[in-house]
*Asks:* 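Below are the structure tokens for one structure; questions will follow.
Just so we're clear, the structure is a prediction, and the values are computed from it rather than from any experiment. First the proteins, then the strands, lettered A, B, ... as listed; each starts at 1. Every heavy atom of this structure was used, including side-chain atoms; hydrogens, water molecules and symmetry mates were not.
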Amino acid sequence: MYIEDRLKKETLKAVQELYSTTIDSKLIQVNSTRKDQKGDFTVVVFPLLRYSKKKPEETGEEIGNFLKENLDSICSYEVVKGFLNLTLSFSYWINILNRINSEENYGFTPVSDDSPLMMIEYSSPNTNKPLHLGHIRNNLLGFSLSRIAKANGLKVVKTNIVNDRGIHICKSMLAWKKWGNGETPKSSGKKGDHLVGDYYVKFDKEYKNELAQLQKEGMSKEESEKSSSLMAEAREMLLKWEAEDKEVVDIWKMMNQWVYDGFDATYKKLGVDFDKIYFESQTWSVGKEMVIDGLNKGVFYRRDDNSVWVDLSSEGLDEKLLLRSDGTSVYMTQDIGTARLRFDDYPIDKMVYVVGNEQDYHFKVLSIILDKLGFSWGKDLVHFSYGMVELPDGKMKSREGTVVDADDLMEEMVKTAREMSSESGKLQGYSTVEAEKIYEMVALGALKYFMLKVDPRKTMTFNPHDSIDFNGNTGPFIQYTHARIKSVFRKAIDKGLEWSGSAPDGVEFNKKEHDLIRTLDEFRHVVKEAITSYSPAIIANYAYDLAKEYNQFYHDSPILFEENSDIRNLRLSLCKATGDTIRRCMWLLGADVPERM
RNA sequence: AGCCUCAUAGUUCAAGGGAUAGAACGGAAGUUUCCUAAACUUCAGAUCCAGGUUCGAGUCCUGGUGGGGCUACCA
């Protein structure tokens, strides 16, 4: 049992004995003491005043005294305003430190056979545009969440649903057919997803031209849209696709493969992966069947024009379309089908969708529909709803060319990392290949930290001109701290001052050392909180605090120059624990830490 | 119009109803004969407005103002 739980229990007992009342344990708050106050843990006494019927100071004194009598680890206490600050003994903290260093994966819960299974859907790209900044946030959140879940003892299946069918796909296919002259990624040297994306844009441009021309000839906007021959061709292509017309399907397969090759390269560079990929071209028909099934069960209803709807007015929502009047499926239909397939494939206990908050309504509806169809997991599916990434002057708009492309961005950041590193010259003696690996690690660390340190629910702003920092509250700052620690241990070997493997009991430590141990101790809470609140940002912010704390300690306290071997081993223990904890934090964020940088 | 969501230094972000609202960038000034200066130290600078609940409100409630989103036979 950890000390916080014991403190709570003993405080409960104290109230019982001192004031002869039993109170709800929720009233007892044990917090970590603010770093600017003396003490390690704080019991907030305000809520207890109703029972003590005494002044805050007096109540604090009485409870403090009781706790000190009953818990050996407490060596002193003081009451400041309504706060009872307890100070624990040096040996308590030495113990904690040694525990951190002796446990295999401190703060993590191992996965066991009967662990619940969490399926996490993320990424969910369209095959007609390359990945951009918004996808990066999605991918990094999804991947990090999967690691956080694993660290909390859950089995995890990462999944991706690729949106590979529909009218929008036909648009890029049609444009390629009309104006492509057989261009391929090979012949043009373009990455496949970018090539296909270009044709999607090309279609849009030609379509706009056509509309403008028609309107010039006197048509209204609606009329021109209706009589556009380009759009008619695209629709015809979709019908052919659904009828499995060989020519169309062949082009579809070929162009999709170009895109997948492109996506794979981007995913690889980003460092994310999936255990199982679903394609909408395979799930849409299942969705249709389920809608028909629901229709038979009376959950849905058919309108005169043959379209199928669900009435959610009793849930306070409106009516939602599930099948168009021509029998084709919509987004919702596909999500229903995909859910069915997934639950057939895996014994899922928790389904998490990492999808932007623009779809809050969609997932609310999906949850209700799945529940209505009789799926027990429908009600508590989790929509991990994250905020948009905006540019300083607003949303990214592909038509205005303000989209920040994922590949370009990563490339740019690697370049910056390379420049910064060669300025400092710390990688001398490394081969080009090794050095290049570190540039990538640092660049990606910067990007990942930048995206993940923000509360996922909030809209975030990305300024492409300032780009992403490598100094201050950044990924490289944290990586740098790790590299520094590794360097200390290398130097320790050179000097013959190897670490004894533990901190000796009986040694006393200074304020900075004390703060550092306390911060290290908090890691276990942070890991748990990250999963309960679905927030990698909690890990990121903690990692920064820890690195900051360490750097202050490092600055103030000589480690290898310390003559007293007990103190030196304490400090090396702190270095070891900090290095490992930083590595674990970054792992949870999906980022790596270098030995040198 | 209705519903959802957000609002904190010049800027980008923190702050489980708890103490003097914390960082970073940018601005001003410092620290390397010493374990990595991508670091450390110091200074200036913020809770949209009006009420309410509470011993205590950036945090909860109500109303305003302002931004974003959703309310598609698009995905």
Side-chain angles (χ1 to χ4, degrees), chain A residues 29 31-37 42 44 46-47 49-50 56 80-83 85 124 126 128 163 165-169 280 303 305 307-309 316-318 320-326 328-332 334-335 356-362 364 385 387-388 390 392 394-395 417 420-421 423-424 426 442 446 450 453-455 457-463 466 469-481 483-492 494-495 497 525 529 533 537-538 540-541 544-545 547-548 550-552 554-562 571 575 596-597:
Chain A
Q29 290 177 53
N31 302 337
S32 196
T33 304
R34 288 172 55 127
K35 295 258 160 78
D36 54 359
Q37 298 281 333
T42 296
V44 184
F46 291 112
L49 301 181
R50 306 171 44 187
V80 182
K81 295 184 233 174
F83 301 93
N85 296 333
S124 322
N126 273 329
N128 57 6
N163 181 353
R165 62 168 291 279
I167 187 79
H168 55 289
I169 308 295
E280 277 188 5
R303 283 189 184 168
D305 65 1
S307 56
V308 178
W309 296 73
L317 306 174
D318 55 8
K320 199 81 195 168
L321 176 87
L322 297 176
L323 281 183
R324 294 194 191 100
S325 47
D326 63 1
T328 54
S329 63
V330 292
Y331 185 34
M332 189 63 76
Q334 290 156 14
D335 262 354
N357 63 12
E358 59 199 348
Q359 290 185 37
D360 284 355
Y361 184 68
H362 173 81
K364 221 168 163 179
S385 161
M388 302 284 99
E390 287 185 353
K395 263 193 111 170
M420 286 197 70
S421 190
E423 261 175 50
S424 76
K426 283 181 191 131
V442 172
F450 179 86
K453 75 172 174 185
V454 182
D455 182 336
R457 279 158 280 273
K458 289 190 180 166
T459 302
M460 66 180 292
T461 308
F462 174 83
N463 191 333
D466 297 1
D469 254 313
F470 286 69
N471 298 315
N473 184 356
T474 65
F477 171 85
I478 295 164
Q479 290 172 318
Y480 172 76
T481 308
R484 238 183 179 184
I485 290 169
K486 286 293 173 182
S487 171
V488 169
F489 282 98
R490 280 193 300 270
K491 286 268 157 59
D494 292 349
K495 290 184 165 223
L497 295 172
H525 296 297
E529 212 190 322
S533 56
I538 291 171
N541 288 316
Y544 176 70
D545 282 345
K548 185 101 189 140
Y550 177 85
N551 280 328
Q552 289 169 2
Y554 179 93
H555 187 263
D556 293 355
S557 313
I559 300 164
L560 300 175
F561 294 107
E562 173 58 46
R571 291 182 180 162
C575 292
R596 260 176 235 256
M597 65 183 270

*Asks:* Under 4.0 Å from OP1 or OP2 of B:A75: is there any side-chain N or O of A:Arg324 that close?
*Replies:* yes
*Asks:* NA contact type, A:Lys548, heavy-atom cut-off 4.0 Å: base, sugar-phosphate, or nothing?
*Replies:* sugar-phosphate
*Asks:* Provide the distance between the two C1' atoms, one in B:C40 and one in B:U32, to the nearest whole Å.
*Replies:* 11 Å
*Asks:* Compare every heavy atom of A:Asn31 with every heavy atom of A:Val44, then report the nearest pair and how far apart it is.
*Replies:* CG2-ND2, 3.8 Å
*Asks:* Please report the distance, rounded to the nearest Å, between NE2 in A:His362 and P in B:C3.
*Replies:* 23 Å
*Asks:* Taking only the side-chain nitrogens and oxygens of A:Lys491, find out if one of them lies under 4.0 Å from OP1 or OP2 of B:C34.
*Replies:* no
*Asks:* Could you tell me the separation between the CE atom of A:Met420 and the P atom of B:A37, rounded to a whole number of Å?
*Replies:* 14 Å
*Asks:* When you compare the ring of A:Phe46 with the six-membered ring of B:G18's base, are the centres less than 5.5 Å apart and the planes under 30° from each other?
*Replies:* yes
*Asks:* Nearest-Å distance, NE2 (A:His168) to P (B:A72)?
*Replies:* 20 Å
*Asks:* Please convert RNA chain B into dot-bracket. A pair counts if it is Watson-Crick or G-U wobble with both distances under 3.5 Å; crossing pairs go in [ ] and bases paired with another strand get |.
*Replies:* (((((((..((((....[...)))).(((((.......)))))....(((((..]....))))))))))))....
*Asks:* Both A:Ala547 and A:Glu358 contact RNA chain B. Taking the nearest nucleotide for each, which residue is further toward the 5' end?
*Replies:* A:Ala547
*Asks:* What is the separation between atom CZ on A:Phe462 and atom C1' on B:U11, rounded to the nearest whole Å?
*Replies:* 15 Å
*Asks:* In whole Å, I'd like the distance from the CG atom of A:Asn85 to the P atom of B:A19.
*Replies:* 12 Å
*Asks:* Hey, does the side chain of A:Ser307 reach the backbone of A:Arg303 with a donor-acceptor pair shorter than 3.5 angstrom?
*Replies:* no
*Asks:* From CD of A:Glu529 over to C1' of B:A14, roughly how many Å is that when rounded to an integer?
*Replies:* 13 Å
*Asks:* What is the nucleic acid contact for A:Pro47, judged by heavy atoms within less than 4.0 Å: base, sugar-phosphate only, or nothing?
*Replies:* base
*Asks:* Please determine if a side-chain N or O atom of A:Lys81 lies less than 4.0 Å away from the OP1 or OP2 oxygen of B:U20.
*Replies:* yes
*Asks:* Is there a side-chain polar atom (N or O) of A:Gln334 under 4.0 Å from OP1 or OP2 of B:A75?
*Replies:* no
*Asks:* Please report the distance separating the C1' of B:G69 from the corresponding atom of B:U54, rounded so that it comes out in whole Å.
*Replies:* 34 Å
*Asks:* For A:Tyr361 and B:G2, what is the distance between atoms OH and P respectively, to the nearest whole Å?
*Replies:* 16 Å
*Asks:* Distance between the C1' atoms of B:C61 and B:A72, in whole angstroms?
*Replies:* 35 Å
*Asks:* In terms of side-chain geometry, is the basic nitrogen of A:Asp326 or A:Arg324 positioned less than 4.0 Å from the acidic oxygen of its partner?
*Replies:* no
*Asks:* Return the minimal non-hydrogen interatomic distance between A:Tyr544 and A:Gly472, and the atom names on each side.
*Replies:* CE1-O, 3.9 Å
*Asks:* So, do A:Tyr544 and B:A23 meet the stacking rule of ring centres under 5.5 Å and planes under 30°?
*Replies:* no
*Asks:* If you find the nucleotide of RNA chain B closest to A:Val44 and the one closest to A:Ser421, which residue's nucleotide is nearer the 5' end?
*Replies:* A:Val44
*Asks:* Say you pick atom C1' in B:G66 and the same atom in B:A28; how far apart are they, in whole Å?
*Replies:* 34 Å
*Asks:* A:Arg457 CZ to B:G16 P: how many Å, rounded?
*Replies:* 12 Å
*Asks:* Provide the distance between the two C1' atoms, one in B:A9 and one in B:G58, to the nearest whole Å.
*Replies:* 14 Å
*Asks:* If we take the C1' atom in both B:C4 and B:A44, what is their distance in whole Å?
*Replies:* 40 Å
*Asks:* Quote, to the nearest angstrom, the C1' distance that separates B:C34 from B:A39.
*Replies:* 14 Å
*Asks:* Ignoring hydrogens and geometry, is there a side-chain-to-backbone donor-acceptor pair from A:Ser424 to A:Ser421 under 3.5 Å?
*Replies:* yes
*Asks:* Is it true that A:Thr474 and A:Asp469 share a donor-acceptor pair across their side chains at a distance under 3.5 Å?
*Replies:* no
*Asks:* Base, sugar-phosphate, or nothing: which does A:Phe477 touch, judged by heavy atoms less than 4.0 Å apart?
*Replies:* sugar-phosphate
*Asks:* Which whole number of Å gives the distance between the P atom of B:G30 and that of B:U20?
*Replies:* 34 Å
